[in-house]
Amino acid sequence: MPQFGGFDTATAANFGFAILSDIEVFMLLQAAQGDQRTNVLQAPKVTLFNGQLATVQDTAQRPFVTGIIPVVGDFAAAQQPVVVVLSEGTQLSVQAVVSSDRRFVRLTLVPFFSRIGPVETFTYDGETTTDTGTIVTGPEGNEQGRDNTVISQRGSTVQLPTFISTSVSTTVSVPDGGTVLLGGIKRMSEGRTERGVPMLSKLPYINRLFKNVGIGRETESLMMMVTPRIIIQEEEEANQTGYPKSQ
């Protein structure tokens, strides 16, 4: 099984011949190879004053129990869970300053990308309860043991999530209506597994009849495009009302 891609090459050593129909050949090719692509596009907009700091956030919050606090009272004891909420998604902080000639915009961009990875669990040893069951007696009425003895243990489980984040901080000058592209955030994972018959899978030319190769590849590219547009209040009022702006 390759580390990435999810291919199964456990039956690579099986060898045989069969006559397949057109439908069976099509189904075989579909099962032997696959390609899956997903594109996610988000286009939020925000309007801000000159020099103001704005934040655009598109995240999903997931709660996790990361700890337990014992609570002891009069003739009672309990456990209070510690809940931590982690945000998963995209967050962008931007500050825009317009130049004096109203032709360029200086943008200070701080994008923050976060996602939650594998979540591990850890269990504390807690209370142990033993059910003695029923007494088993012998022919002479003496006790020989107990039947249906059940031992149950109760504990507290906490979660240990993996929080993965990527952040970039930069300042650029962009003309009015221009677009700045923030790229270079690319991840690629690749795995390769080869299985076959010993000795025969190493022979040139005919080794493909006695081996199987599984290749798994995962590629993730993340890009962000920001387009500033300068809005002059007098011009917008004139466009909305239909009257020219005052001189």
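One is the number of the first residue; the rest follow in order along the sequence. Side-chain atoms are counted along with the backbone in the values below, which use heavy atoms only and exclude waters and symmetry mates.
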- Search all heavy atoms of Val110 against all heavy atoms of Ser169 and return the closest pair with its distance. CG2-OG, 3.9 Å
- Counterpart residues, side-chain hydrogen bond (donor to acceptor under 3.5 Å, both in side chains), relative to Gln159 (two or more places apart): none
- Message: Going by side-chain hydrogen bond (donor to acceptor under 3.5 Å, both in side chains), name the residues that satisfy it together with Thr59, two or more places apart in sequence or in a different chain.
- Response: Gln57
- Under the side-chain hydrogen bond (donor to acceptor under 3.5 Å, both in side chains) rule, collect the residues that match up with Ser114, sequence neighbours excluded. none
- Note on the structure: When rounded to the nearest 0.5 Å, the distance separating CG of Asp176 from CZ of Arg102 is 11.5 Å
- Item | Qualifying residues under side-chain hydrogen bond (donor to acceptor under 3.5 Å, both in side chains), relative to Ser173, sequence neighbours excluded | none
- Task: Any chance you could measure Gln95, atom CD, to Thr171, atom OG1, to the nearest 0.5 Å?
- Result: 8.5 Å
- Apply ring pair (Phe, Tyr, Trp, His ring centres under 6.0 Å) to Phe122 and list each qualifying residue two or more places apart in sequence or on a separate chain. Tyr124
- Do Val65 and Leu86 belong to the same hydrophobic cluster, where Ile, Leu, Val, Met, Phe, Trp and Tyr are linked whenever their side-chain heavy atoms lie under 4.5 Å apart, directly or via other members? no
- Query: What pairs with Met188 under side chain to side chain contact (heavy atoms under 4.5 Å, CB included), at least two apart in sequence or on another chain?
  - Reply: Glu190, Arg217, Thr219
- Results of side chain to side chain contact (heavy atoms under 4.5 Å, CB included) for Pro63 - residues two or more places apart only: Val83, Val85
- Shortest non-hydrogen pair, Thr55 vs Ser93, comes out as OG1-OG, 3.7 Å
- For Thr227 against Gly177, the heavy-atom pair lying closest together: CG2-O, 3.7 Å
- Message: Which residues pass the side chain to side chain contact (heavy atoms under 4.5 Å, CB included) test with Asn207, not counting sequence neighbours?
- Response: Lys211
- Donor-acceptor pair, side chain of Ser99 and main chain of Phe104, under 3.5 angstrom: yes
- Message: Are Val197 and Ile206 connected into the same hydrophobic cluster when the rule is that any two of I, L, V, M, F, W, Y join if their side-chain heavy atoms are below 4.5 Å apart?
- Response: yes
- Query: What residues form a salt bridge (Lys or Arg N to Asp or Glu O under 4.0 Å) with Glu220, not counting sequence neighbours?
  - Reply: Arg187
- Going only through I, L, V, M, F, W and Y residues with side-chain contacts under 4.5 Å, is there a path from Ile230 to Val97? no
- Phe112-Val94 co-clustered via ILVMFWY side chain contacts under 4.5 Å: no
- Query: How about Asn39 and Leu41: do any of their side-chain heavy atoms sit closer than 4.5 Å?
  - Reply: no
- Do any pairs count as a side chain to side chain donor-acceptor pair (under 3.5 Å) and have a residue in residues 40-51, sequence neighbours left out, and if so which ones? Gln42-Asp58
- Item | Residue pair Gly117 / Ile164: nearest heavy atoms and the distance that separates them | CA-CD1, 4.3 Å
- Flag, side chain of Thr166 to backbone of Phe113, donor-acceptor distance under 3.5 Å: no
- Query: What distance do Ser165 atom OG and Arg115 atom CZ have between them, rounded to the nearest 0.5 Å?
  - Reply: 10.0 Å
- Task: Indicate if Val180 and Leu222 have the same hydrophobic cluster label, given that clusters are the connected sets of ILVMFWY residues with side-chain heavy-atom separations under 4.5 angstrom.
- Result: yes
- Query: Going from CD on Glu88 to CZ on Phe163, what distance comes out if it is rounded to the nearest 0.5 angstrom?
  - Reply: 8.5 Å
- Query: Phe64 versus Ile116: any side-chain heavy-atom pair under 4.5 Å?
  - Reply: yes
- Taking C-beta and beyond as the side chain, do Pro111 and Thr90 meet within less than 4.5 Å on heavy atoms? no
- So do the side chains of Leu109 and Val168 get within less than 4.5 Å of each other, counting heavy atoms only? no
- List for me each residue that meets side chain to side chain contact (heavy atoms under 4.5 Å, CB included) alongside Pro228, sequence neighbours excluded, and say none if there are none. Val105, Leu107, Val174
